[in-house]
Amino acid sequence: MYRLTTPLPAVKGIGPQLNALLQANGYSTVLDLLLAVPLRYEDRSQFSTIASAPANQLLTISASLLKISTSYRGRRTVTTAKISDQTGTMTVLWFNNRFAQSSLQVGQEYLFSGKVNDRRTMVQPLFEKLKVDTIHTGRLIPLYSSTLRLKQGTLRRLLKEITTHLESHPDPIQHLLPKKYHMPDLQEALCQLHFPETEPAVVAARERLALEELLGLIRHSHQLKAAWQKKRGAHQIHSQQPLIPNTIPFALTQAQQRCIDEIKMDLNRTSPMNRILIGDVGSGKTVVAGIAARQVILSGHNVGLIAPTQILAEQHAATLSELFPDLEIELITAVQSKRKNIINKGQSLKFYVGTHALINQLLQINPAFIIYDEQHRFGVKQRSAAENLPTPPHVLTMTATPIPRTMLLTIFSHLNVSVIDELPNNRLPTKTWILPETKRIDMYAWIYEQISKKGAGRFQSLVVCPFINPSENEGLADVAATTQKYQTVKAAFKKLEKQKAVDLITQKKRAKEEKQTTPAVVKDKQPIVKIAELHGKMKKTAQQQVIEKMFQQKIDILVTTPIVEVGIDLPQAAAMIIESAERFGLASLHQLRGRVGRAGQQGYCVVFSNTKSSQAKRRLRQFSQTNNGQELAEIDLQHRGAGDLFGVEQHGWGTLQFASWTNFELISIAQHVFKKLPSDWQPLFSFITNDKQLLAN
Ligand code: ADP
Ligand code: MG
């Protein structure tokens with residue numbers, strides 16, 4: 001009998017060599033191997049006789065081996081066998097599989113599982129000795145990730161050995177479930193996960209494991225909360241007047257005001273703040289954080305603000321210096337910190353704004369208050385730097401991701417929450433259009449007209465091309481697609497310019513012919529549209545130059561990958577053109593749309609998509625019809641899962657093994673069960689490695 005903690009070398013069939021391979025893959029106990037979750041299952045449960053075997057279907061045949069031989073064809077070997085049952089005989093072929101020849105014995109009964117081709121030959125079948133409880137044939141068989149450098153057959157054999165000899169494990173959760181729920185106990189769930197009897201059994205098994213995972217997360221959140229509450233001795237910040245300096249050129253919204261008050265109360269305590277500030281793009285989180293930071297600095301402490309990218313850090317430094325001219329703001333990025341030794345002890349108090357380079361300097365800066373902008377892009381290691389500070393800092397995390405209430409109450413229960421649920425009232429809602437490809441040139445012409453009317457740099461547009469493979473996060477293909485789009489947009493506008501020039505000439509000619517004076521509308525000048533591209537594979541300095549030019553309004557159209565998504569504030573941006581929009585989650589689309597019309601001008605969002613999927617079309621329609629980010633996030637959650645909720649840039653957040661953020665019902669059950677669990681309850685496993693970064697506070 002094996003326990004979950006049994007070391008793998010104690011498992012039958014694991015010798016030193018295999019053990020070394022398993023260790024190299026990170027498996028050392030029985031549990032580790034049990035948690036190697038099958039990617040999918042292959043249905044080899046369909047049995048057939050030789051005579052009635054349909055072609056090209058996965059099936060299993062029980063037959064005896066008549067003969068077997070192996071020959072060489074060039075560098076490959078071909079093993080040919082003849083098998084028979086009561087209904088007939090059949091040829092079986094394997095390529096480069098010496099194992100078949102060496103392990104099959106003539107005269108024995110076997111199960112062969114594979115597809116029969118049109119020439120009545122079974123090619124490359126899996127096989128095993130005829131028995132009741134099969135591993136590789138005659139059932140749903142698990143298929144594991146090929147990134148594990150282990151053979152499928154080996155993994156299946158080991159897991160069969162383990163699941164059939166697993167010592168029973170008491171499962172306290174069984175009795176705590178609400179009455180109408182039935183789930184297999186943990187041990188059963190693990191067995192069914194690998195060798196399910198039916199497909200519904202897989203679903204039930206995964207649900208039980210998902211519950212375990214959620215319980216683990218909730219427990220982790222509680223532990224974080226308890227640990228945080230034990231912390232004492234944070235710098236107590238007494239309010240300084242004026243709370244809101246008159247250098248801020250606008251009136252705060254009520255929501256901003258409320259969030260500032262909530263933060264102010266936290267700062268006034270000796271236990272450190274741990275708060276998340278949630279607000280749609282453009283809701284004005286920066287100024288809220290800045291006002292809080294100013295309070296801390298005026299009370300005699302340093303503050304650090306950490307942004308996920310250099311561009312954002314630079315922008316924050318610039319806008320904060322404008323909003324708070326009385327503060328000394330210092331930018332710290334990898335570039336700066338290489339250039340000089342930043343921190344001079346005993347100098348004036350500062351608001352340090354930077355990238356993760358700032359995290360490396362935390363000990364020297366010793367901030368009483370740390371602000372993370374779009375925090376989920378930081379790793380655990382970097383964040384734990386804050387743990388080593390002599391005095392625990394107050395921490396504020398800002399995010400534009402709308403987090404559903406169920407999640408806030410459970411998995412984020414260690415965080416206090418402030419929500420900016422109101423946009424500054426100088427904002428007009430962005431007008432959104434879904435356009436067919438046939439309208440593209442008209443749309444460009446319309447933009448050209450806007451630029452002509454408003455003047456160069458006064459009607460900036462962004463053309464955003466999606467990541468082709470989101471998990472790659474700006475691969476070469478993305479860059480190629482963006483560059484190509486850049487070229488076609490450039491060509492389209494060249495054509496428009498030419499057309500305009502021709503029009504002007506004909507108009508003038510006609511005016512002359514009609515002996516009229518040139519009407520005022522026929523100007524001699526026509527705008528030359530400035531177009532640029534931006535993507536992450538460009539040199540940092542080149543990226544910076546482009547952004548700079550955008551700010552200086554020297555560019556009219558920027559063709560870019562979604563790297564603009566994370567918070568750049570371009571006040572003159574008026575139109576957002578999104579290509580292959582179906583590739584984005586609604587929340588991401590909404591974030592993109594929030595980038596335009598920020599200076600109070602009307603913003604436009606134009607969406608192109610040639611998806612055939614009616615569901616994708618419906619989603620895009622919903623996007624064009626609602627301006628409510630929270631609502632769109634919920635739709636996203638229901639359709640596509642949290643990966644989209646957290647945006648294309650933001651991996652690692654939604655990474656759960658079994659559970660899904662969309663399963664609100666299971667999250668509620670987990671919360672219900674968790675309350676009744678004994679305090680010393682331990683989850684079977686925890687997959688919080690990825691989520692540590694979101695839970696690190
Ligand atoms: P986000 O919440 O997306 O980080 P920002 O903090 O970048 O938003 O703010 C977006 C823009 O709105 C900035 O130009 C900012 O100066 C401006 N802004 C913030 N609050 C207000 C307000 N109450 N009234 C008008 N404009 C505001
Ligand atoms: Mg922001």
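Order of appearance sets the numbers: ligands from 1, and atoms from 1 within every ligand. Only this structure's heavy atoms are used, side chains among them; waters, hydrogens and symmetry mates stay out.
Not counting sequence neighbours, the partners of F459 by the ring pair (Phe, Tyr, Trp, His ring centres under 6.0 Å) test are W446.
The number of heavy atoms from other shown groups lying within 6.0 Å of NZ (K231) is above 12. Annotation for E322: atom CD does not count as buried by contact number, only 12 or fewer foreign heavy atoms lying within 6.0 Å. Around the CD atom of Q254, the shell of radius 6.0 Å holds no more than 12 heavy atoms that belong to other residues, nucleotides or ligands.
Residue T286 approaches ligand 1 through these ligand atoms, each under 4.0 Å from one of its heavy atoms: 4 (O), 5 (P), 6 (O), 7 (O). Every atom of ligand 1 is numbered from 1 in the order shown, and the set under 4.0 Å from a heavy atom of T253 is 23 (N). Heavy-atom contacts of G282 reach the following atoms of ligand 1: 1 (P), 2 (O), 3 (O), 8 (O), 10 (C) (cutoff under 4.0 Å). Per-residue contacts place L252 under 4.0 angstrom from the following atoms of ligand 1 (heavy atoms of the residue considered): 23 (N). Set against the non-hydrogen atoms of D280, the atoms of ligand 1 under 4.0 Å away are 2 (O).
For A251, a nitrogen or oxygen atom sits less than 3.5 Å from a nitrogen or oxygen atom of ligand 1, counting backbone and side chain alike. Annotation: F250 places no N or O atom under 3.5 Å from an N or O atom of ligand 1; distance criterion only.
If you look at R598 next to ligand 1, the close heavy atoms, those under 4.0 Å, all belong to the side chain. If you look at Q257 next to ligand 1, there are no close heavy atoms at all, none under 4.0 Å.
Ligand 1 has no atom lying under 4.0 Å from any heavy atom of I420. Residue contact check for ligand 1: G279 places no non-hydrogen atom closer than 4.0 Å to it. Note on ligand 1: R427 sits in its first shell, one or more heavy atoms being nearer than 4.0 Å.
Residue pairs that meet the salt bridge (charged side-chain N to carboxylate O under 4.0 Å, His left out) test with at least one member in residues 415-435, sequence neighbours left out, are R258-D421.
There is a side-chain donor-acceptor pair under 3.5 Å between E533 and T483. Residues Q544 and T541 have side chains that never bring a donor and an acceptor to within less than 3.5 angstrom of each other.
Classification of D556 and R458 as a salt-bridged pair fails, no side-chain N sitting under 4.0 Å from a carboxylate O.
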